[in-house]
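To find a chain, count down the sequence lines: A is the first, B the second, and so on, and within it residues start at 1. Note that the structure is a prediction, hence the values are computed from the model and not measured.
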Amino acid sequence: MTNDTPSLHFIHQIIEDDNRSGKHGGRVSTRFPPEPNGYLHIGHAKSICLNFGTALKYAGQCNLRFDDTNPCKEEQEYVDSIQEDVRWLGFDWGEGLYFASDYFDQLYEWAVQLIKKGKAYVCDLTADEMRDTRGTLTKPGKNSPYRDRSVEENLDLFERMKAGEFPDGARTLRAKIDMASPNFNLRDPVMYRILRAHHHRTGDKWCIYATYDWAHGQSDSIERITHSICTLEFENHRPLYDWYIQELGIYAPQQIEFARLNLTYTVMSKRKLLELVRDKHVAGWDDPRMPTISGFRRRGYTPEAIRAFCERVGVSKYSGVIDMAWLEDALREELNKRAPRALAVLRPLKVVIENYPEGKSEELDAVNNPEDPGAGTRKLPFSRELYIERDDFREDPPKQFFRLAPGREVRLRWAYFIKCTSVVKDSKTGEVTELRCTYDPATKGGNAPDGRKVKGTIHWVSIPHALEAEVRLYDHLFNQPYPEDVPEGKSFLDNLNPKSLEVVRGFLEPNLKNAAPGSRYQFERLGYFCADSKDSQTGKPVFNRSVTLADTWAKIEKKEKK
RNA sequence: UGGGGUAUAGUGUAACGGUAGCACAACUGACUCUGGAUCAGUUUGUCUAGGUUCGAAUCCUAGUACCCCAGCCA
């Protein structure tokens, strides 16, 4: 069917229906509610784009709320990094910065209210006992022996829990719902646990902490969220959140669940990411191989590329896995238009131009970005001794290879046609160590006045002028598309890609000397590279490979081998 | 096994009873001073079985497969 209006995903359909019916008076209010127990990853980016993007689209507000109900795992460092990452992605929460811990007093009052209604009770069961009485998928649970305590006793006990009269874990406050419910979340869920832990915001004020389930829905209610967007695994919790809201008689946000993002060749669970960091499989949360926002940032990704990617994957309730190639493509698409080009040789092979005068050098004009005429040109120094890429020479060229080979002529990008006249080899290993070539002075700039064509154009760098620099070649962190799919007894760590990082000494055109940390370039014919934001120094850049260029030759060669 | 979800090309995603479309991938070819980019084109799909209907991806019935839930994690 042809339709001029772009289609809406199901969440925006719900919102537009609500706006039409006047359900929330046309108001749209969302929130992004991370727990500050780790760094944000690309899956969070999807949620951030959805929540903030929805508020933007419908002229509403999106809050940033930290669901900080578990002091054992949460830290200020994470609070800071999360704010930085959301801002970097290009979103603004305005005045809407909140913490679930801001609501601890209110939550406590509401708990007292439920006790008074006979809807919550203090339970003395240990964690083990509670598990044993919860029942199974098919068998209902058993009521706690403490379920029928009087309101007075519950009030007194709960007060004393708060006052610190009981040891950690000795008692809990539980909602009195239904131990026989087929939904486990309604089998008298725990609302408060006793926990003497220092909270990053409330310090030592509390020794009882609300569970996430008891805090989350009411936090949304306090903030008058209209559309509480969350991932699929909370679908089973919605009846519980609705029950709390209804028993309390407070404003009811509408929860809508969507499928979280999964990507090939990586893992997304915070537990696993933490494990990678803690056990030093990567250099930190912002290691360029990590699927974290900070990792992608350091890798050279742009916020625009990540947002475009999130837009492209869509929003639905189907939990699929997106091919990492989509993300890479989003980056290429953007950087192709924006990134200035540069010449860099990463695996050098020396070339001597025999008919080029010794000691001579000259400057040649090079276009900065063929996709962007406004990007201008720059000068490239040329001399008798050059480096070219080892891959661009074959002593015995396979068919379809149209780069350099003995007797063959190619174009040096922006420079001259050269012809390979002889090959110098290491007498012991037989390895090619140097190429002797001649150049055609008439082809200066890259065109032959006699109109003769050359099939290959290769990149190069003048040895005496080259800037030697560390270049980090990153590849997928895992060598399996689904690293978590492992046989019994194996771990996702067994699928780590041992070649996910290769550090190389590259030779770069001298213009790159003062590349600003974080600046991005296309190294022609190789890929997009970004000056590392941490390790680059002025005059001494370190480059990270963000993503390779599409490589048709590699594909041809692979096919030939089969 | 009880409950809650979900099934459209290799991967995602549209269609809202009326020609199954789009993006990425793959494959052809054109063009090219990046084997990049660009352009043109091709291949591949409604989980299954019944039913309703002039007409079904869409509605009904029965199956099947996959995901989530038995934390005092979120």
| message | Counting the atoms with a prime plus P, OP1 and OP2 as sugar-phosphate, which does Leu125(A) contact under 4.0 Å by heavy atoms, base, sugar-phosphate, or nothing? | response | base
| said: Between U46(B) and G17(B), how many Å separate the two C1' atoms, rounded to a whole number? | reply: 15 Å
| request: Write down the distance separating the P atoms in C59(B) and U43(B), rounded off to the nearest Å. | output: 30 Å
| said: Using a heavy-atom cut-off of 4.0 Å across all strands, would you classify Thr264(A) as base, sugar-phosphate, or nothing? | reply: nothing
| Looking for any heavy atom pair under 4.0 Å, which part of the strands does Pro239(A) touch: base, sugar-phosphate only, or nothing? | nothing
| Quiz item: Glu233(A) side-chain donor-acceptor pair to C67(B) base, under 3.5 Å | no
| request: Please work out whether G51(B) sits syn or anti, treating a glycosidic angle within 90° of 0 as syn. | output: anti
| said: What's the closest nucleotide to the side chain of Lys317(A) if the choices are C72(B), G5(B), G12(B)? | reply: G5(B)
| Nearest to the side chain of Phe184(A) - U6(B), G36(B), G2(B)? | G2(B)
| task | In plain terms, say whether Glu560(A) and Lys399(A) are close enough for a salt bridge, that is, a side-chain N and a carboxylate O under 4.0 Å apart. | result | yes
| request: Classify the nucleic acid contact of Ile556(A) as base, sugar-phosphate or nothing, counting any heavy atom under 4.0 Å across all strands shown. | output: base
| message | Is there a side-chain contact between Lys139(A) and the phosphate of A70(B), meaning an N or O under 4.0 Å from OP1 or OP2? | response | no
| So what does Tyr192(A) hit on the nucleic acid, given a heavy-atom distance under 4.0 Å: a base, only sugar-phosphate, or nothing? | nothing
| Arg271(A) side chain N/O closer than 4.0 Å to the phosphate oxygens (OP1, OP2) of A74(B)? | no
| field | Note, Asp392(A) side chain near Arg525(A) side chain (heavy atom, < 4.5 Å) | value | yes
| field | Atom P, compared across G50(B) and U58(B): separation rounded to whole Å | value | 14 Å
| query | Under a 4.5 Å cut-off applied to non-hydrogen side-chain atoms, are Phe523(A) and Leu512(A) in contact? | reply | yes
| Hey, does Glu371(A) reach any base, or is it just sugar-phosphate, or nothing, if we go heavy atoms under 4.0 Å? | base
| said: Closest approach to the side chain of Thr136(A), judged atom by atom: which nucleotide of A70(B), A37(B), A26(B) is it? | reply: A70(B)
| said: Would you say Thr552(A) places a side-chain N or O within less than 4.0 Å of OP1 or OP2 belonging to G36(B)? | reply: yes
| is_close_aromatic(Phe158(A), Tyr108(A)), centroid dist under 6.0 Å | yes
| Quiz item: Arg312(A) side-chain donor-acceptor pair to G12(B) base, under 3.5 Å | no
| said: Does Ala325(A) reach a base, just sugar-phosphate, or nothing at all? Heavy atoms under 4.0 Å. | reply: nothing
| Could Glu35(A) and Lys73(A) be called an ion pair, given the rule that one side-chain N must be under 4.0 Å from one carboxylate O? | no
